[in-house]
Structure formats: C-alpha cells, structure tokens
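Heads up, the thing below is written out as structure tokens.
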Amino acid sequence: ENAMELNGREIRFRRTVYANCKIAEMSPNHDINRINDIFKASDTMVQLDFAMGFIIAMNEGYEKAKAFNEPGYEPRPITREELEFCDVDQLNDLFTEAAEAFRADGKVSVETVPRKTGKKTASAPNK
C-alpha cells in the first residue's frame, strides 16, 4: 500500500471502483484512459484541480473501503482544503503516491504533476 504523512496522519491510497468512478468523472469525455491529456494541456488550474481531485478520490477509495471492511473504523479522508494549503512539493508527492497506487491496480499510466522546472516527470512503464 502506498502511504504518505500529511498534517500528522498517514494518507493511504487504493484504487477501488469508487475511486475509478470519481477519476472518470474528471477525465476528458469521462474516459479514464485519457487522464494524461489533462497534463498535456498548459492550463495550470486544470492540472492542479485534477491532481487534487485524483488524490482525494484515491484516498477516499482507501478510507471508504477500510470503513466498509472494518466495522468501527472511522474514515478520515483528506480534504480539498488540506491540499489547497500544502505546498506544491507536498501536493506533487501525494499525487505521485496516489498515481503509483493507481498504476499498481490497473493498466493506465499516469504522468505526475510537473515540478517547478516545468518538466514533466515520466511515468513508469506499464507492467
């Protein structure tokens, strides 16, 4: 499982059907296979908005599945506000972790958010 610490708690990610549906909603033409089209565009707001939504969907996938499978577990998914007030490097690190969890569970490759240099980080090849 992929995890990262933010604001004193561990943020974990899981690609569930729920997460897939949320990510597909944000994808061009609701096609999850077109995720990378978002990062080919030069619109920074679109890229950041997608990155935050992707992180939230993948974290909610983990939190909701854990609550469903472990009676008594209180889900505490990451919020958009938490993401809006973290720094860009933290957002990129969270996105990278979420993307790794996404790739581990499927065949779609996801590029990471470009660093301040403006270069895109290449995604790992599919298995």
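Only this structure's heavy atoms are used, side chains among them; waters, hydrogens and symmetry mates stay out. The model shown is predicted, which means the values in this text are computed figures rather than measured ones.
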| Can you list the residues that meet the side-chain contact (heavy atoms from CB on, under 4.5 Å) rule with D87, with sequence neighbours excluded? |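 side-chain contact (heavy atoms from CB on, under 4.5 Å) check on D87 returns D89, Q90.
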| field | Residue list, side-chain contact (heavy atoms from CB on, under 4.5 Å) with E5, at least two apart or on another chain | value |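 Here no residue qualifies.
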| Atom CZ of F68: over 12 foreign heavy atoms under 6.0 Å |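 It does not: F68 CZ has 12 such atoms or fewer within range.
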Residues that [X] engages under salt bridge (charged side-chain N to carboxylate O under 4.0 Å, His left out), provided they are two or more places apart:
{"X": "E10", "answer": "R12"}
{"X": "R80", "answer": "D49, E84"}
{"X": "E82", "answer": "R9"}

| said: Show me the pairs that pass salt bridge (Lys or Arg N to Asp or Glu O under 4.0 Å) and involve residues 55-65, at least two apart or across chains. | reply: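 Not a single pair qualifies under salt bridge (Lys or Arg N to Asp or Glu O under 4.0 Å).
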Considering all heavy atoms of both residues, which atom of [X] and which atom of [Y] are nearest to each other, and what is their separation?
{"X": "S27", "Y": "I38", "answer": "CA-CD1, 4.4 Å"}
{"X": "I23", "Y": "A57", "answer": "CG1-CB, 3.9 Å"}
{"X": "N29", "Y": "R34", "answer": "ND2-NH1, 2.6 Å"}

| query | Is the shortest heavy-atom distance from the side chain of M58 to the side chain of Y62 under 4.5 Å? | reply |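 No, too far: nothing below the 4.5 Å cut-off.
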| message | Counting C-beta onward and ignoring hydrogens, is there a side-chain heavy-atom pair between E97 and I11 closer than 4.5 Å? | response |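 Not in contact.
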| Proximity of F95 and F13 rings by center, below 6.0 Å |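 No, the ring of F95 stays outside the 6.0 Å limit from the ring of F13, centre to centre.
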